[in-house]
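From a predicted model like this one, the values you see are computed outputs, not experimental measurements.
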Amino acid sequence: QENEIKLLTAEIERLKNFGCLGVSPSLEGLRDENAKLKYRLNFLRKSLQEERSKTAKSMININSCLQEIFGAAIQAAYPDLENPPLVVTPSQQPKFGDYQCNSAMGITQILLKTKEQKVSPREIAEKIAKNIPANECIEKVEIAGPGFINVHLRKDFVSKKLSSLLINGVQPPAIGKRKKVVVDFSSPNIAKEMHVGHLRSTIIGESMCRLFEFAGYDVLRLNHLGDWGTQFGMLIAHLQDKFPDYLTVSPPIGDLQAFYKESKRRFDTEEEFKKRAYQCVVLLQSKNPDFIKAWELICDVSRKEFQKIYNCLDITLIERGESFYHEMMKDIVKEFEDKGFVQVDDGRKIVFVPGFPVPLTIMKSDGGFTYDTSDLAALKHRLCEEKADILIYVVDSGQSVHLQTVFAAGQMIGWYDPKVTRVAHAAFGVVLGEDKKKFKTRSGDTVRLIDLLEEGLKRAMDKLKDKERDKVLTAEELKAAQTSVAFGCIKYADLSHNRLNDYVFSFDKMLDDRGNTAAYLLYAFTRIRAIARLANIDEQMLRKAAREEVLILDHEKEWKLGKCILRFPEILQKILEDLLLHTLCDYLYELATTFTEFYDNCYCVEKDRQSGE
């Protein structure tokens with residue numbers, strides 16, 4: 001932006017000179033051009049001003065600042081080294097300072113390999129330390145052990161950043177150009193109930209969307225419903241038999257799951273019904289209005305059931321099922337054919353992608369499309385029509401090879417360049433029961449998600465009554481506490497585990513108010529709010545104090561808490577890169593326990609013994 005402003009200013013000056021010399025054949029055209037340039041210039045100046053003002057208010061990533069400082073020091077100490085290792089991490093123990101730079105060991109190896117120089121890491125660390133440029137954040141550095149550089153932060157620097165945080169609020173670091181992120185998550189199948197397997201995709205996907213929105217990205221949340229395909233043939237055929245007047249009277253399908261099972265049983269056992277089901281698929285795909293009406297009725301029943309769950313868990317999604325991409329699929333097949341990627345195998349059209357043993361089937365021998373075709377169509381639409389800069393699929397680990405093959409096919413045909421556009425599979429493990437086996441009901445069925453949420457509500461209410469909250473809260477407050485605890489604990493139990501691993505679902509553990517649980521964090525948060533209430537101090541008063549007073553961090557627990565608060569942008573940066581949200585949960589738990597230590601050692605509120613104030 002700064003460069004463009006310089007160029008535009010020069011261009012306006014040039015046009016002025018043209019006008020003075022009377023060289024331009026069309027003075028009116030010149031004025032128009034001048035006006036356009038000035039408008040663009042003013043827009044850029046305003047935009048740059050807003051960006052600078054936002055940056056000034058944003059929290060800074062201290063780790064990134066230290067990396068810049070040590071990057072400059074290493075460059076000055078070893079100017080000949082290309083891409084030297086840059087390793088800066090928070091210290092694990094206070095005696096080793098606040099951060100550590102551990103680059104010296106890596107540089108030792110590089111010098112030995114490339115220049116055959118044998119230099120001890122400690123000597124390298126000392127040379128780096130001598131070349132640290134002037135900066136506002138480092139108080140002092142110490143060399144420890146074989147060559148660790150321990151960094152001590154300046155107290156006035158931390159104090160200033162905390163005051164700025166109080167005045168400006170929690171503003172994430174500015175991201176530059178606003179990028180578009182498309183997240184594909186939840187994605188249940190029509191005519192089947194959502195089960196515990198959909199829980200993880202729904203919770204993780206929603207949280208990722210909130211994360212990117214908070215960081216300033218433009219986010220599109222997509223629900224890739226399984227709403228098209230051969231299963232609709234048997235459902236429509238069964239609907240016609242059970243409710244012949246379905247076109248005029250909406251069929252009372254109370255239990256869609258039972259309806260699906262019944263139609264599947266008939267499909268497997270009745271030959272005549274099976275033939276009719278196939279005919280129904282053909283008529284549906286040729287957009288016969290009666291069959292489209294039947295399809296819409298079945299989709300609507302499912303949609304209402306899904307929405308109950310989304311309302312409970314506070315999930316926002318735009319529905320864009322497989323049917324949305326149906327019209328695009330023949331063009332996808334043609335594009336792969338035109339570029340010479342298609343082979344015919346037993347009537348099927350298949351595409352081999354280098355590095356993947358199993359080909360994609362983009363057309364069946366009967367001319368029908370497959371999941372591979374709809375996934376390719378969805379990928380192309382998201383990249384080429386939605387113009388996604390980042391595309392994330394929150395889908396279980398079992399789909400990993402399939403998705404990687406689809407992504408590689410998109411790359412092979414030229415839809416995107418991985419250096420420019422990030423396409424990622426945010427995979428996750430399965431939910432296990434307390435017996436460490438796949439989470440099932442006692443009868444061996446898959447656990448329905450709605451039953452799980454209702455059980456959570458019941459357990460949360462029992463917990464609140466155990467704590468005698470029903471005696472101090474109004475009925476309305478008790479209901480709000482019940483839903484917060486129940487759904488908060490279910491979500492947090494999932495998010496606090498590394499998503500790549502399987503995790504054991506246990507109501508007892510997630511409702512425990514000790515350890516890294518939502519119940520503990522809710523308790524810690526409530527305690528903090530209670531202090532503010534008792535002290536009778538609101539945010540305006542805090543902001544005023546932050547502007548007028550210097551925050552003194554004398555007590556070790558105060559210092560520890562201050563530094564912990566300022567680590568938030570580092571955590572944010574890490575999870576935006578690796579999409580592992582449990583890191584944020586670990587940080588919140590550390591923040592809550594650090595606050596508790598501070599609260600136990602430094603009184604925030606004391607009662608006057610005489611007045612009771």
Applying ring-ring contact (aromatic ring centres under 6.0 Å, His included) as the test, list every pair that has at least one member in residues 336-366; sequence neighbours left out.
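Listed by first then second residue: F336-W415.
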Less than 4.5 Å apart, any side-chain heavy atom of [X] and any of [Y]?
X    : Y    : result
Y217 : L211 : no
V504 : F439 : no
S186 : H224 : no
D98  : K563 : yes
M510 : I490 : yes

What about the rings of H582 and Y587, do their centers lie closer together than 6.0 Å?
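That pair fails the under 6.0 Å test.
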Y503 ring center near F428 ring center (under 6.0 Å)
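No.
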Under a 3.5 Å cutoff, is there a donor and acceptor pairing between the side chains of [X] and [Y]?
X    : Y    : value
S496 : N516 : no
T370 : T373 : yes
Y416 : R422 : no
H402 : D375 : yes
T361 : R348 : yes

Residue [X] excluded, over 12 heavy atoms near [atom1] under 6.0 Å:
X    : atom1 : answer
K177 : NZ    : yes
F525 : CZ    : no
K180 : NZ    : yes

What's the shortest heavy-atom distance between T89 and N63, and which atoms?
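Of all heavy-atom pairs spanning T89 and N63, the closest is CA-ND2, 4.3 Å.
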In plain terms, say whether [X] and [Y] are close enough for a salt bridge, that is, a side-chain N and a carboxylate O under 4.0 Å apart.
X    : Y    : result
D372 : K349 : no
K160 : E136 : no
R303 : D300 : yes
E570 : K574 : no
E385 : K380 : no
E305 : K192 : no
D184 : R382 : yes

Mind checking side chain to side chain donor-acceptor pair (under 3.5 Å) for K339 and listing every partner two or more places apart, or none if nothing turns up?
none
Quick check with a 6.0 Å cut-off and a 45 degree axis cone: is R320 positioned over the face of F324's six-membered ring?
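Yes, cation above the ring, under 6.0 Å and within 45°.
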